[in-house]
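In the text below, chain A, chain B and the rest are named by the order of the sequence lines, each starting its count at 1. For the numbers below, each heavy atom of this structure counts, side chains included, while hydrogens, waters and symmetry mates do not.
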Amino acid sequence: MCTTCGCGTKHIHMDGDILYHHEYAETVGGHTHHMHASVINESRRVRIEQAILAKNNHFAQHNRHYLAQQGIFMVNLVSSPGSGKTTILIETIKALQNEIPIAVIEGDQQTDQDAVRIRATGVPAVQINTGKGCHLDAHMVGHAMEKLDLQSNSLLFVENVGNLVCPAAFDLGEAHKVVILSVTEGEDKPLKYPDMFHAADVMLLNKCDLLPYLSFDVSCAIDFARRINPALQVIQISAIQGSGLQQWIDWIKSGHQQAAQVVMTEKAIL
Amino acid sequence: MHEMTLAEQMLQIIEEAAIAQNFTQVKTVWMEVGRLSCVEKEALRFCFSAVVEETVARRAKLEFIDIKGRGLCAQCECEMDINTLYDACPACGSYAIQIIAGNEMRIRELEVE
């Protein structure tokens with residue numbers, strides 16, 4: 001277990017190498033040995049008042065601070081497996097890579113297939129394999145960011161592990177979580193997995209080209225999602241056929257401009 | 001199973017407290033769990049028992065303190081109890097409810113020796 005954030009890094013691989021935090025090697029195995037110096041047998045109460053995810057949130061703030069300094073716009077794509085995250089990402093990269101430098105952090109339990117697909121577009125990608133883990137955390141992402149040699153005023157996409165539950169709880173330092181729901185899933189998915197739709201700022205409704213063949217009720221799905229999150233922005237797309245993608249690209253561009261602008265304004269003030 | 005990560009984080013908080021507050025054995029862990037938080041309590045209990053083996057918390061009893069969900073309606077400004085993230089305001093029917101309590105995942109207190 002990483003002693004800095006406790007995320008169990010022994011099982012985590014980044015581009016095939018085991019991920020150790022820099023402090024891990026020195027303290028591994030030290031759980032009990034350093035605690036037997038003084039023995040007090042009286043029972044007493046100790047106030048802790050500490051959030052379980054405080055460490056992750058600390059790493060997330062660190063990532064966010066770095067990204068803000070560099071004017072990098074980071075988006076965390078979350079969804080169940082098979083909703084089309086990687087295809088959306090590839091189409092987004094194709095549309096933007098001649099204008100804006102892009103990098104990608106890929107999260108999957110096993111294989112580097114997604115990173116290979118992303119690299120085929122010419123964009124750098126780091127693959128994190130979480131092993132048994134079901135989500136990316138801010139500590140892993142921080143290390144992946146170091147590995148990517150990120151450019152100022154660029155775009156950074158994180159494709160989280162396909163899982164509509166766990167990634168909701170973990171802030172990575174992103175500007176926005178974007179949840180993807182595909183129309184081949186049920187329209188009641190937002191109600192079944194509300195945490196993710198609550199945590200996201202944008203919902204991409206993907207595979208809309210298949211709507212004529214399905215009984216999926218678009219307005220019902222959007223209504224359910226907005227019961228959980230009334231401010232949720234919804235964009236209907238088909239990553240394969242390209243419909244709606246321009247609206248999504250415009251949203252990315254606007255976020256990227258804002259992130260770059262903040263840095264420019266700060267430099268002007270200095 | 002993010003409960004495993006949560007259990008590991010709990011152990012880390014406890015081990016840091018053991019060094020800072022000089023104790024060698026944890027008897028009880030009181031943990032606040034909000035009704036709207038992303039925690040399945042029984043899964044967390046199972047994971048916690050797995051990660052604390054051979055640590056200061058190996059004999060610790062895990063006690064949950066349930067925190068109920070509270071919301072504030074953005075439309076009519078009334079406060080209410082909520083059980084889910086998609087509850088409507090009982091006064092005006094709006095779904096624009098800001099959560100003011102119920103997201104907690106926090107270790108409140110330890111009984112140690």
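For A/D114 and A/T86, the side-chain atoms include at least one donor-acceptor pair closer than 3.5 Å. In this model, a donor atom of one side chain and an acceptor atom of the other lie less than 3.5 Å apart for B/E111 and A/S43. In this model, no donor atom of one side chain and acceptor atom of the other lie less than 3.5 Å apart for A/H58 and A/H62. With no hydrogens or angles considered, no side-chain donor-acceptor pair links A/S215 and A/D217 at under 3.5 Å.
Between the side chain of A/N56 and the backbone N or O of A/A138 there is at least one donor-acceptor pair closer than 3.5 Å. With A/D108 contributing its side chain and A/N129 its backbone, the two residues share no donor-acceptor pair below 3.5 Å.
Atoms CE and CD, on A/M14 and A/E106 in that order, are 12.5 Å from each other to the nearest 0.5 Å.
The ring-ring contact (aromatic ring centres under 6.0 Å, His included) check on A/F170 picks up A/H135, with sequence neighbours excluded.
Heavy-atom proximity under 4.5 angstrom to chain A picks out B/K27, B/W30, B/M31, B/E32, B/L36, B/C38 from residues 25-38 of chain B. Residues of residues 61-92 of chain B lying under 4.5 angstrom from chain A, judged on non-hydrogen atoms, are B/L85, B/Y86 by number.
Taking every heavy atom of both residues into account, A/C208 and A/Q236 meet most closely at SG-CB, 3.9 Å.
For chain B, the option among A/P230, A/A168, A/G133, A/P190 with the highest count of heavy-atom pairs below 4.5 Å is A/P230. With respect to chain B, the highest number of heavy-atom pairs below 4.5 Å among A/I228, A/V46, A/L53 belongs to A/V46.
Every pair passing side chain to side chain donor-acceptor pair (under 3.5 Å) that includes a residue from residues 173-184 of chain A is listed here, sequence neighbours excluded: A/N76-A/E174, A/E174-A/K177, A/H176-A/D201, A/S182-A/T184, A/S182-A/E185.
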